[in-house]
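Since the structure comes first, as structure tokens, the remarks are kept for the end.
To find a chain, count down the sequence lines: A is the first, B the second, and so on, and within it residues start at 1. In this text, all values refer to a predicted model and were calculated from it rather than measured experimentally.
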Amino acid sequence: MGVYAAVVGRPQDESELVARARRGDHDAYEELVHAYQGIAFRTAYVVAGNAADAEEAAQDGFVKAYRALWRFRPGAAFKPWLLRIVANEARNRRRSAGRRSALALRAAHEPSGEAAPSPEATLLGAERRQELLAALNRLGEQDREAIACRYFLDLSEAETAAALGVRPGTVKSRLSRALERLRVDLGEEGP
Amino acid sequence: MTEHELRALASFVDLPDERDLAPAVRARLRGRPRRRRTALVVAVAALAALAVAFAVPPARSAILRLFHLQGARIEYVDRLPDVRTAPLDLGVPISPADAAGTAGFRPLASGLLGPPDEVSWDGSLLWYRYGRTRLLVSQFRGRERIDLVKKVVERDTMITPVTVHGQPGYFITGGTHFLYVAPGGVVRTEPVRLRRQVLLWQHGPLTLRLEGDLTIQRALRIARSFG
């Protein structure tokens, strides 16, 4: 592939990078990969359930997205479009492996000595974290993915919808249902 | 249990560190078409789902690789679609003086080939025919079009990436190939023409296509003479 003389310089905005990538500019696409590889990998991890599959799924997702750029609607947001492709890759891997994904807590997170606890640790004690995550892992795949995308990966509703391959309205209802199930599981049903 | 608690839980969930995917992605994008049968089988299986989306009527072929230029897409397939061929239609003959006004862009001319013997406009592409050298050149504003030209090539065809005045292009040789011109989604075909090579390249906002009995060196010399 040739090199564009006119595009040497600072990174440009996303739509310009996408436009250049559509014209076959690998440098532009690499900038997009750098910009989104973190969220793509984490989304794949949430869906696939292990790091090796997530890495493969994210990589395959980026390659497939590049080859499908001709279908990408100019002016649309690249991130949800990409996440849909990556999440599909991750989902395929999870299905073919025939396993159920589960999330875990990071080890050794408690502050030592006199270090002040983080605001999150203040809000959520160790026992409560275990309890919440266990309940989360007892949810169905769809509910758990919706919660993980929305609250752990901090995706917007539209991005969550893209990653899950559903309409934004479905994300709302799925989250609402998942939260209710969590409350029931935790014995915190409303009056 | 509140949404605040779930957001707070995020910082305790074990999400692995980010991976640098760019080198692997770049290496895969730069990979050349695989020619071996065994490799083709693997590629067909991996891209089967993709092929459905890219189906070319009336037949479907697994797409092994895609090459993009502005406004142009080359599909590298395991077998050519079974299409009915039709005479090549270069549109309505126009005078060279009317070319810019009709096409809506300033067409490029070749200092090497001189003025074309015939100029025509088919509504999307401006065509130059050079009778003596039996060359055919088309050009269009590729930057503003999405996949106006779609070329489908089979696995016996070699696609060589080239650079013309710093911009990308592809030299296509061997086998047979089709050109699909699809403004507004209308698919047209041209007959298979053997012993003809094609160079597709970008020049500013334009995408050009040169066809003839050409070596890659001669095709590049001609392409670089357009300005």
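Residues from residues 34-41 of chain A that place a non-hydrogen atom less than 4.5 Å from a non-hydrogen atom of chain B comprise A:H34, A:Q37, A:G38, A:F41, given in numerical order.
The minimum heavy-atom distance between A:A21 and A:L32, with the atom names listed, is CB-CD1, 4.5 Å.
Salt-bridge formation is detected for the pair A:R93/A:E89: a Lys NZ or Arg NE/NH1/NH2 atom is positioned less than 4.0 Å from an Asp or Glu carboxylate oxygen.
A:R177 pairs by the salt bridge (charged side-chain N to carboxylate O under 4.0 Å, His left out) definition with A:D143, not counting sequence neighbours. In this view, A:D154 and B:R7 satisfy the salt bridge (charged side-chain N to carboxylate O under 4.0 Å, His left out) rule, not counting sequence neighbours.
A donor-acceptor pair under 3.5 Å is formed between the side chain of A:E159 and the backbone N or O of A:S156.
Counting only residues at least two apart or in different chains, side-chain hydrogen bond (donor to acceptor under 3.5 Å, both in side chains) contacts with residues 216-227 of chain B comprise B:S110-B:S225.
Proximity to chain B (any heavy atom under 4.5 Å) is restricted, for A:L153, to the side chain, taken from C-beta onward.
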